[in-house]
Amino acid sequence: MIPVHMLRIAAGAETASFAVLLGNLLTTHTQAITTLVGPLHGTAYLVVIAATSMAPSAASTGARWRSAIPGVGGLLALRRINIRTRGSQPLTRNAQEG
C-alpha cells in the first residue's frame with residue numbers, strides 16, 4: 001500500500017510544480033523559479049511513474065499509461081486506481097445503522 005501513499009504525495013507535487021512553472025512562463029518568466037521548480041517537477045513526474053508501476057492495483061486499470069501524462073498524469077492515475085479499488089470492494093453497512 002506504500003506506493004499509493006507515495007503516489008498521492010508525488011501527484012500533488014507534480015501538479016503544483018507544473019502550475020508554478022506554467023504560471024511563471026505566462027507571467028514573469030523568472031529564471032530562479034524555473035531553476036528551482038523545474039527539477040522538482042521532473043523528480044515528481046518520475047516518482048509518479050515509478051509508484052504507479054509498483055502499485056498492484058494499477059496493472060489492469062490503465063493507470064500506468066495515464067501516469068505518463070506530464071502535469072496531471074499522477075492525479076489521473078490515482079483517480080483510476082481509486083475507482084478500481086472502490087468498485088471491487090463490497091459495500092458494508094455500518095453497525096450503528098442496523
Nearest 0.5 Å, please: how far is [atom2] in [Y] from [atom1] in [X]?
X	Y	atom1	atom2	result
His29	Leu21	NE2	CG	10.5 Å
Asn82	Ser57	CG	OG	8.0 Å
Ile33	Leu25	CD1	CG	11.5 Å
Gln31	Leu36	CD	CG	10.0 Å
Ile9	Leu78	CD1	CG	11.0 Å
Leu7	Met54	CG	CE	10.0 Å

Handout entry: For the student: nearest non-hydrogen atoms of Ala77 and Ala63, plus distance
Key = CB-O, 3.4 Å
Problem - Closest heavy-atom pair and its distance - Arg64, Ala58 - result: CG-O, 4.0 Å
Exercise for the section: Identify whether Val4 and Val48 are in the same connected component of the hydrophobic contact network (ILVMFWY, side-chain heavy atoms under 4.5 Å). Expected result: yes
If we only count heavy atoms from C-beta on, is the [X] to [Y] side-chain gap below 4.5 Å?
X	Y	result
Val37	Asn24	no
Leu26	Leu22	yes
Ile81	Arg66	no

Practice task
Using modelled atom types only, decide if a donor and an acceptor are shared between the side chain of Tyr45 and the backbone of Ala68 within a distance under 3.5 Å.
Solution key: yes
Problem - Side-chain donor/acceptor of Glu14 to backbone N/O of Gly71, under 3.5 Å - result: yes
Exercise for the section: Please list, chain by chain and in numerical order, all residues satisfying side chain to side chain donor-acceptor pair (under 3.5 Å) with Ser53, sequence neighbours excluded. Expected result: none
